Amino acid sequence: MKDNDIRFDRRSLIVGGVTVFGGLMLSGSAKGQASKQAKSGSGTAPKRTLLLLELNGGNDGLSCVVPWADDVYHRSRTRTGWKASDVLKLDDYRGFHPALQQLRGVFGDGRMAIIEGAGYPQPNHSHFTSQDIWHTARAAGRSSGDGWIGRVLEKLYPDDVRVPHAVHVGQSMPYSLKSSTRPVVSFDEPPAYRWAENGNTIAGAADARAPMAGNPGSAPVQGASPLAQIRAITRNAKASSEEVRRAVATYKPRVEYGPDVLSQDLRTAAALLQSDIGCRVLSVTQQGYDTHEDQRRRHDKLMAELDLGLSTFLRDVRGTPSGDNIVVLAFSEFGRRVEDNASQGTDHGTAGPMFLLGSPIKGGLYGKHPSLTELVEGDLIHTTDFRSVYASVLETWLGLDSQPILGGKYAPIAGCFA
């Protein structure tokens, strides 16, 4: 190992539920960028943030955004389908799942964009493979390198390796946040947020000698030795640990969140957002969408929790400076097949809807609803490449060139930002 290439093993930085994902590499090239400033990450730029909400397991798009006026839908969904009279109408063809009442209001207020038929060429039915493609935004998946958000962080903060610019609230860090050059934090419970230094757990209050993460004096110094830079990052980690725990413990939401896991995770995300501790990307996952059987009961419950959690979060932060500068991007690794199965469920499919929500969004329906008759072996054919949605967020919202991050040129969705 070269003396200017110091690596931390990922396992050595997992203590009490916190992870610096993918290891931390400080190379000469990373150190040599200290004179640069990221356009969207500078102190003079508006602090625009992003919340990723992953619907893990394959959300059934046809039960979420229901083509209620399509006879093929009703013939194909004899066990799991919704009657036209049950759905929350969006137009003369589509309607929301009956449980999405609050989000129907958000859509009606013009703060929710539905992007239909999102997918990618040559779709894969494996959860793991498809998630890797969505998380890296590249067909090669993990073999292509860092996650797409990891690449975003490197562009936003070319020289700033302070913590935390991205935080995942939950037990398992999505690969989208994986970075070989920028530390990213993941935790399940804020009180368990701890870092490790030289094999010892750092708990309790931050080290009095450690400058806070927002203090410019705490940033790694250009030309410092790798060990000195690592020590600086550790000091920042200790300080930000205290900041995170304090932010969540003292947060007073303006509305009451539900007791379910998603609602509580979104409450934590709101606390971190409103605390202004430096997070540019927040990440939350709702588990349980692999509904091969008993879909109506299971999916209905998930939709009710999604409606409660997400609408509460939006009400909580709306009208605040940070809340009016956040965009929520909701997605799932694939949809489900058109025909339901004999187990009262639906099997792995392909295309499905994505959602953009928040005050900066110009609501409405975007893209084209996939045909229910023009199928490939029972699967929908995607009408929107999901990377076009990513490109919209990157270019319009974060002010970044999307091509080097996504590994190709994808046309942003026109008009979805206010």
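None of the values given here were measured: they were computed from a predicted structure.
Residues Ser176 and His135 bring no donor and acceptor atom of their side chains to less than 3.5 Å of each other. In the model, Asn341 has no side-chain atom that pairs as donor or acceptor with a side-chain atom of His292 under 3.5 Å. With 3.5 Å as the limit, one finds a donor-acceptor pair spanning the side chains of Asp70 and Tyr93. Tyr257 and Asp265 share no side-chain donor-acceptor pair at under 3.5 Å. In this structure, a donor-acceptor pair under 3.5 Å is present between the side chains of Asp379 and His125. Side-chain contact annotation: Thr320 with Gln274, donor-acceptor N/O pair under 3.5 Å present. Checking Thr80 against Asp340 by side-chain atom types alone, a donor-acceptor pair falls below 3.5 Å.
Side-chain contact between Gln286 and Leu262 is present, with at least one heavy-atom pair separated by less than 4.5 Å. Two residues are said to be in side-chain contact when any heavy atoms from C-beta on lie closer than 4.5 Å; Ser283 and Leu177 meet this criterion. With contacts defined as side-chain heavy-atom distances shorter than 4.5 Å, the pair His165/Val281 does not qualify. With contacts defined as side-chain heavy-atom distances shorter than 4.5 Å, the pair Ile381/Thr350 does not qualify. In this structure the side chain of Leu282 never reaches within 4.5 angstrom of the side chain of Leu50, judged on heavy atoms. Looking at Val65 and Ile114, their side chains come closer than 4.5 Å, going by heavy atoms from C-beta outward. With contacts defined as side-chain heavy-atom distances shorter than 4.5 Å, the pair Leu306/Asn59 does not qualify. Side chains of Pro121 and Asp385 form a contact here, defined as non-hydrogen atoms less than 4.5 Å apart.
Evaluation of the salt bridge (charged side-chain N to carboxylate O under 4.0 Å, His left out) rule for Arg267 yields no partner, not counting sequence neighbours. For Asp294, the salt bridge (charged side-chain N to carboxylate O under 4.0 Å, His left out) partners are Arg297, not counting sequence neighbours. With sequence neighbours excluded, the residues satisfying side-chain contact (heavy atoms from CB on, under 4.5 Å) with Ser130 are Tyr120, Trp134, Glu333, Phe334.
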**OP:** Could you walk me through whether Arg280 and Tyr157 pass the side-chain hydrogen bond (donor to acceptor under 3.5 Å, both in side chains) test, one step at a time?
**Re:** CA-CA 10 Å; Arg280 293 296 300 277; Tyr157 301 98; 3.1 Å; yes
**OP:** Decide side-chain contact (heavy atoms from CB on, under 4.5 Å) for Asp60 and His299; before the verdict, give the C-alpha distance in whole Å, the side-chain angles of both, and the deciding distance to 0.1 Å.
**Re:** CA-CA 8 Å; Asp60 179 20; His299 194 259; 4.2 Å; yes
Subject >> Derivation and outcome, side-chain hydrogen bond (donor to acceptor under 3.5 Å, both in side chains), residues Thr285 and Asn56 >> reply: CA-CA 7 Å; Thr285 301; Asn56 186 277; 5.9 Å; no
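Atom OG of Ser392 sits about 12.0 Å away from atom OH of Tyr390, to the nearest 0.5 Å. To the nearest 0.5 Å, the span separating CG on Leu156 from CG on Leu394 amounts to 9.0 Å. For the atom pair OG1 of Thr78 and CD of Glu339, the computed distance is 8.5 Å after rounding to the nearest 0.5 Å. Going from atom CG of Leu88 over to atom CZ of Phe96 covers 8.5 Å, rounded to the nearest 0.5 Å. Distance check, rounded to the nearest 0.5 Å: CG of Leu380 to OG1 of Thr373 gives 10.5 Å. Interatomic distance, Arg77 CZ to Leu372 CG, rounded to the nearest 0.5 Å: 9.0 Å.
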Would you list the atom pairs, donor with acceptor, under 3.5 Å between side chains in residues 411-418 and any protein atom, with sequence neighbours excluded?
none

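What you find for Leu52 and Ile149 is that their closest heavy atoms are CD1-CG1, 3.6 Å.
A cation-pi contact, defined as under 6.0 Å to the ring centre and within 45° of the axis, links Lys89 to Trp68. Trp148 does not carry Arg138 over the face of its six-membered ring by the limits of under 6.0 Å from the centre and within 45° of the normal.
Among pairs with a residue in residues 94-107, those fulfilling side chain to side chain donor-acceptor pair (under 3.5 Å) read Asp91-Arg94, Arg94-Glu116, His97-Asp300, at least two apart in sequence or across chains. Screening residues 302-313 for side chain to side chain donor-acceptor pair (under 3.5 Å), with sequence neighbours left out, gives Lys301-Glu305.
Between the side chain of Arg79 and the backbone N or O of Gln295, no donor-acceptor pair lies under 3.5 Å.
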